[in-house]
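What follows is a set of notes on a single structure, which appears directly below.
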Amino acid sequence: MGTIRDRGIIKWQAALMLPEHKALNKKKNTDDYFLNKKPVLDEYQVEEFENNIHYAMEYHLPISFRLHNEGNPIELHGYCVYIDPVTKELSIQKEDSSFKKIKFYEIINVIVED
């Protein structure tokens with residue numbers, strides 16, 4: 001009788017691979033689809049963020065930032081104590097009295113807590 005010839009792993013490979021498929025597979029391996037893209041902010045939103053930050057600094061109110069950190073949004077709570085206009089960085093005093101510097105372009109949302 002004849003024996004069944006098993007092709008091993010080859011039987012699970014695609015019979016036809018287009019260049020578009022190869023490019024998509026290469027892109028899939030380099031990009032992480034689970035990371036969120038940074039939203040595009042309108043100039044009015046940026047102006048509102050600036051106004052909220054200045055208001056919180058003037059009246060020493062706690063402020064919450066939502067930051068875009070390499071695809072993962074993070075929350076930061078504290079007081080804004082200094083704005084560096086040259087480097088466009090904010091110095092934030094966190095609730096545990098430590099300081100953190102954040103760049104203005106990382107900010108997604110600003111909420112002043114009254």
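This one's a predicted model, so the numbers in the text were calculated from it and none came from an experiment.
Within the structure, the ring pair (Phe, Tyr, Trp, His ring centres under 6.0 Å) test picks out the following pairs touching residues 51-72 (sequence neighbours left out): Y55-Y59, H60-Y79.
Connection of I111 to V81 is not established within any shared hydrophobic cluster, with ILVMFWY side chains joined at heavy-atom distances below 4.5 Å, either directly or through further cluster members. Under a hydrophobic-cluster definition in which Ile, Leu, Val, Met, Phe, Trp and Tyr are linked whenever side-chain heavy atoms come within less than 4.5 Å, directly or via other members, M57 and F104 are assigned to the same cluster. Transitive grouping of hydrophobic side chains (ILVMFWY, heavy atoms separated by less than 4.5 Å) keeps L76 and Y105 in distinct clusters. In the hydrophobic cluster analysis, where Ile, Leu, Val, Met, Phe, Trp and Tyr join through side-chain heavy atoms closer than 4.5 angstrom, F99 is grouped apart from I102. The same ILVMFWY cluster, assembled from side-chain heavy atoms under 4.5 Å apart, contains both L67 and L41.
Side-chain contact between P39 and I108 is present, with heavy atoms from C-beta onward closer than 4.5 Å. Side-chain atoms of K100 and Q93, non-hydrogen and from C-beta on, never get closer than 4.5 Å to each other.
Atom CG of N109 sits about 8.0 Å away from atom CD of E48, to the nearest 0.5 Å. For the atom pair CD1 of I63 and CG of N52, the computed distance is 6.5 Å after rounding to the nearest 0.5 Å.
Evaluation of the side-chain contact (heavy atoms from CB on, under 4.5 Å) rule for T87 yields D84, E89 as partners, not counting sequence neighbours. Applying the salt bridge (charged side-chain N to carboxylate O under 4.0 Å, His left out) rule to E75 yields the partners R66; only residues at least two apart in sequence or on another chain are considered.
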Inset, instruction - Could you give me the CA-CA distance, side-chain angles and deciding distance for E95 and H77, then say whether side chain to side chain contact (heavy atoms under 4.5 Å, CB included) is met? - result: CA-CA 7 Å; E95 289 145 352; H77 305 284; 3.4 Å; yes
Inset, instruction - Could you give me the CA-CA distance, side-chain angles and deciding distance for I107 and L90, then say whether side chain to side chain contact (heavy atoms under 4.5 Å, CB included) is met? - result: CA-CA 10 Å; I107 297 174; L90 305 169; 3.6 Å; yes
Inset, instruction - Give the C-alpha distance, both sets of side-chain angles, the deciding distance and a yes or no for side chain to side chain contact (heavy atoms under 4.5 Å, CB included) between I92 and Y82. - result: CA-CA 7 Å; I92 307 299; Y82 181 70; over 6 Å; no
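Of the possible polar contacts, none joining the K88 side chain to the I83 backbone as a donor-acceptor pair under 3.5 Å is found.
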